[in-house]
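Values below: all heavy atoms of this structure, side chains included; hydrogens, waters and symmetry mates excluded.
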Amino acid sequence: MRGFILLLFCLTLLNNIAAFTVRDTINTMQSINDGEIIISAGESFALGFFSPNNSMNRYVGIWYNKIPIKTVVWVANRDNPITDSSGVLKINETGILVLLNHNKSVIWSSNSTRSAKYPVAKLLDSGNFIVQDSSNNEPTDFLWQSFDYPLDTLLPGMKFGRNLVTGLNRYLSSWNSSDDPSHGKYNYQLDISGYPQFVLREGTVKRFRLGSWNGVQFSGAPQVKQNAIYRFMFVSNEEEIYYTFELFNKSSLNRVVLTTDGYIRKIYWSGEENGWSEFSRMPLDDCDYYEKCGAYASCNINNFPVCDCLDGFVQHNVADIYSDCVRRTSLSCHGDGFLKYSGLKLPDTDGSWFDRNMSLEDCRVLCLKNCSCSAYTALDMSKGPSGCLLWFGNLTDIKELPASDEDVYIRMAGTEIGKTHEGKHSHKSNIWKKETVIISCVALIGILILSLTFIIYRRQKGKEGKRNGEEDANATNEHNEEDSELPLFDMSTITSATNNFSTGNFLGEGGFGSGILDDGREIAVKRLSKKSSQGIQEFKNEVLHIAKLQHRNLVRLLGFCIQADERLLVYEFMPNKSLDFFIFDKKKGMLLDWPRRLHIINGIARGLLYLHQDSRHRIVHRDLKAANVLLDSEMNPKISDFGLARSFGGNEVVGNTQHVVGTYGYLPPEYIIDGAYSTKSDVFSFGVLILEIVSGKRNKGFCHQDNLLSNAWRLFTEGQSSEIIDATIKDSFNLPAVLRSINVGLLCVQISPDDRPSMSSVVMMLSSESTLPQPKMPGFFRDKDHVGDNSSSSSNKLCSNDITVSLMYAR
């Protein structure tokens, strides 16, 4: 009896000790209920349920444990609150964190690239909530970590940037309000649409640009330097680009936060009396706001007015001090040179081109040879100027920064270089004035000769116009008038590069062939035959659109040629051909594992987002398909073939046509039926493309019994989406990520354009862990005699031959 009483006493004592022991870890047999918390080993951070300020909603979050002001640094279910105290956070046997409500429904879940044998979730003293395999002794081998999915706060040790291999985008997004942690108006992230730079946006509109890293400083904030409080690192390589910082005093509390009113604040804890104090903030002044002044104008907060044209430029509209500046002397291409401008924030690098291994002199030569190149500079100043960064088009968002130690070289007319004096922005060029005059004269004579030749040629073409059609001649004339600055190749250069269009250089359908220019550049040439379905207007359209586009996920146009009946486009060479070459072939499909396919999906999405939102004009591609996605040597996707593209100006969002063109299986219903196209048309095509990439199968069209959209939809509604996954990637895929991609694909192919997400939302959904909405029935879903709106008469009409679709498989 005494032994039993003693045993009972010991068990009670152990239970009481356990009750007072704060845990930092949960396993598959444990959970965190509302009202319970876990605390990191050093008691720096706590994790549990909370309600922000005056809200009654419940969230799972992480906050500082040792300060009286509850400061939340991370929230799991930011967009999906629980309305009562029934929430439970668990980790399942595969290592996935799940947050359940009173109905046991999943409110939020993590993902993982692989499963664990003995998974545990642990809160670290850094504020990082991790999932790892307890049988693995590697301390940094995490299956999942909250640091990969920041909200509005950047903590020491967190990476802020992108993983170029997996597509993971670690960015900050503000709370909606102090009572609501859901996505707010502002996001701050690394923009890789040109040379990488950090950009703060309000919605989709740029608000502030920190600028690019030059090895020493950020171009827009030279004041951000190493100091006695923290040190930072900027890492940029082929796999990752990110910023991170760490504190010298580990016990101090220091963080970066994106506030609800759109400021990036560096703050620190200064004690109970003062609370959180500000170390720095951005934007700092009015000149920090994006494009405060127009193109080729610099902003100086100490001047009045704050905007002033760069040397060599004049105000385009003298009545508006914030308007663009224009060159005092127009460029002539072959007679141009460069002026050096110092003490400036580098212009916006969106759409720029760069090469890390090129010398600054080679960079100058390359820019000078390309008439569309407007400026150049070095990429890295840490060991002397090296690397090459080129701009095309107008230079925008420039600010005077005396502390900046980098120069930018802006293209100017040769005559302007000779008469522009050295001043606050520039110095005289090294080109001798005599040489400039000679070059200008030669260029002028050349222009006169070309003009005379062109007039004679036009007259001859005018006589032939009655027989061959004046429309093509007029279109050619318009092209030459509007795009005189575009790179123009002569026929002899291209025939020499392609060995007179040798069949040995043939790349595939569409008239593509490869070749090598005299300067060593490998090129792909698109040659349109006389029988080509792409007329002069489509050719002009493709040149107009691609020449203005600069993005890592869009194929780059190097030049063009119009001579006699020949129409040629010269592109950068893509050694791995097109996406359809791989995904629809069982053997070649094995070369694209799931991480590469996800990388391709994300790349195409970013390219489309640039076309729809960030390019000079809103562009609808209208022929997005696997054959029009080219792959470079590292399997990076590049959208190509802009012959059918259309651009919108002003507030236009929808266009109409009576001639429906495109490729069978990728066209949305509203386009085929009514001829209406918009950015949501490309979203539909992208959704089809996602499902093709995941399944390895073609979408055979809207009237085929084996329609891919039909199968994907049925399997999704039955909870069997995994059955559609290509067998060649089943050893490499991460199931939650694949299922998420399928869900996004089905959201993109919904029958109503209004239901489809924008590409900005698609990019966000692909890179985040937020709960996705349930898709509605896809366009041209065929179930017996039902198509789209469940009208059998519509089905019969759509499946008949009454509708003509101009198929553009090969031009």
D350 vs S193, side chain to side chain donor-acceptor pair (under 3.5 Å): CA-CA, chis, key distance, verdict: CA-CA 6 Å; D350 186 7; S193 56; 2.5 Å; yes
No-hydrogen, no-angle side-chain donor-acceptor test under 3.5 Å, W108 and T771: no
Give a yes or no answer on whether the side chain of N214 reaches the backbone of Q217 with a donor-acceptor pair at less than 3.5 Å. yes
Among side-chain atoms of T396 and N394, is any donor-acceptor pair under 3.5 angstrom? no
Looking at R209, R201, R162, which one forms a salt bridge (charged side-chain N to carboxylate O under 4.0 Å, His left out) with D191? R201
Tell me whether the guanidinium CZ or amine NZ of K292 lies under 6.0 angstrom from the six-membered ring centre of Y289 and within 45° of its axis. no
Is there a donor-acceptor pair under 3.5 Å between the side chain of K638 and the backbone N or O of R552? yes
Just so I know, are the side chains of W594 and V738 near enough to count as touching, which here means a heavy-atom distance under 4.5 Å? yes
Only counting residues at least two apart or in another chain, list the ones meeting ring pair (Phe, Tyr, Trp, His ring centres under 6.0 Å) with W213. F218, F232, F234
Regarding K122 and the six-membered ring of F142, is the cationic atom NZ or CZ under 6.0 Å from the ring centre and inside 45° of its axis? no
Check for a donor-acceptor pair, side chain of S578 on one end and backbone N or O of V629 on the other, with a separation under 3.5 Å. no
Identify the heavy atoms of D593 and S732 that sit nearest to each other, and give their distance. CB-OG, 3.4 Å
pair W74-P150: side-chain heavy atoms closer than 4.5 Å: no
Please report the C-alpha distance between H599 and T166 in whole Å, then the side-chain angles of each, then the deciding distance to 0.1 Å, and finally whether the side chain to side chain contact (heavy atoms under 4.5 Å, CB included) criterion is met. CA-CA 6 Å; H599 175 65; T166 64; over 6 Å; no
Under the 3.5 angstrom rule, does the side chain of T679 hit a backbone N or O of H612 as a donor-acceptor pair? no
Please state whether the sulfur gamma atoms of C363 and C388 sit closer than 2.5 Å to each other. yes
Go through it in stages, so that I can follow the logic: the residues are H183 and N176, the test is side chain to side chain donor-acceptor pair (under 3.5 Å), and I'd like the CA-CA distance, side-chain angles, deciding distance and then a yes or no. CA-CA 6 Å; H183 283 86; N176 198 38; over 6 Å; no
Go through the structure and list residues passing ring pair (Phe, Tyr, Trp, His ring centres under 6.0 Å) with F160, not counting sequence neighbours. Y188, F198
Residue from N77, V72, V75 passing side chain to side chain contact (heavy atoms under 4.5 Å, CB included) with P181: V75
Given the rule in the side chain to side chain donor-acceptor pair (under 3.5 Å) test, do D348 and Q197 qualify, once you have shown the distances and angles that lead to the verdict? CA-CA 9 Å; D348 190 352; Q197 58 180 351; 2.5 Å; yes
I need the L97 CG to I130 CD1 distance, nearest 0.5 Å. 10.5 Å
When you measure from the centre of the six-membered ring of F279, is the NZ or CZ of K266 under 6.0 Å away and within 45° of the axis? no
Could you tell me which residues satisfy ring pair (Phe, Tyr, Trp, His ring centres under 6.0 Å) with Y195, sequence neighbours excluded, listed by chain and number? F354
Does S761 use its side chain to pair, donor to acceptor, with the backbone of P757 at less than 3.5 Å? no
Non-neighbouring partners of Y268 that pass ring pair (Phe, Tyr, Trp, His ring centres under 6.0 Å), sequence neighbours left out: none
Can you tell me if T259 and D261 form a side-chain donor-acceptor pair at under 3.5 Å? yes
Would you check if the side chain of S110 reaches a backbone N or O of I96 as a donor-acceptor pair within less than 3.5 Å? no
Contacts of K185 that satisfy salt bridge (Lys or Arg N to Asp or Glu O under 4.0 Å) - sequence neighbours left out: E202
Within 45° of the axis and under 6.0 Å from the centre of the six-membered ring of F581, does NZ or CZ of K588 qualify? yes
Are any side-chain N or O atoms of N553 and backbone N or O atoms of P637, one a donor and one an acceptor, separated by less than 3.5 Å? yes
Of all heavy-atom pairs linking G215 and S382, the shortest is O-CB, 3.6 Å
For L47 and F129: C-alpha separation, side-chain torsions, deciding distance, then whether side chain to side chain contact (heavy atoms under 4.5 Å, CB included) applies. CA-CA 9 Å; L47 179 146; F129 189 39; 3.6 Å; yes
Run the salt-bridge test on E240 and R170 with the 4.0 Å N-O cut-off and return the result as yes or no. yes
For R78 and S174, which heavy atoms make the closest approach, and how far apart are they? NH2-O, 3.1 Å
Salt bridge flag under 4.0 Å for residues D285 and K399: yes
Kindly give the heavy-atom pair with the smallest separation between I693 and R597, and that separation in Å. O-NH1, 2.7 Å
Shortest non-hydrogen contact from Y296 to S374? OH-CB, 4.0 Å
Check for a donor-acceptor pair, side chain of N636 on one end and backbone N or O of D632 on the other, with a separation under 3.5 Å. no
Can you find a heavy atom in the side chain of L389 that is under 4.5 Å from one in the side chain of T349? yes
Looking at F245, does the NZ or CZ of R255 lie under 6.0 angstrom from its six-membered ring centre and within 45 degrees of the ring axis? no
Of all heavy-atom pairs between N187 and L258, which one has the smallest distance, and what is that distance? CA-CD2, 3.9 Å
Results of salt bridge (Lys or Arg N to Asp or Glu O under 4.0 Å) for E239 - residues two or more places apart only: none
Flag, side chain of K577 to backbone of M574, donor-acceptor distance under 3.5 Å: no
Test side chain to side chain donor-acceptor pair (under 3.5 Å) on S359 and D362 and set out the steps. CA-CA 5 Å; S359 70; D362 289 341; 3.2 Å; yes
So, D125 versus S40: side-chain donor-acceptor pair below 3.5 Å or not? yes
How are the rings of H621 and F642 set relative to one another: parallel (under 30°), tilted (30 to 60°) or perpendicular (over 60°)? perpendicular
So that I know where these two stand, are Y409 and W391 an aromatic pair - ring centroids less than 6.0 Å apart? no
Any sub-3.5 Å donor-acceptor pair from E400's side-chain atoms to C299's backbone N or O? no
Is it true that D397 and K206 have a side-chain N and a carboxylate O under 4.0 angstrom from each other? no
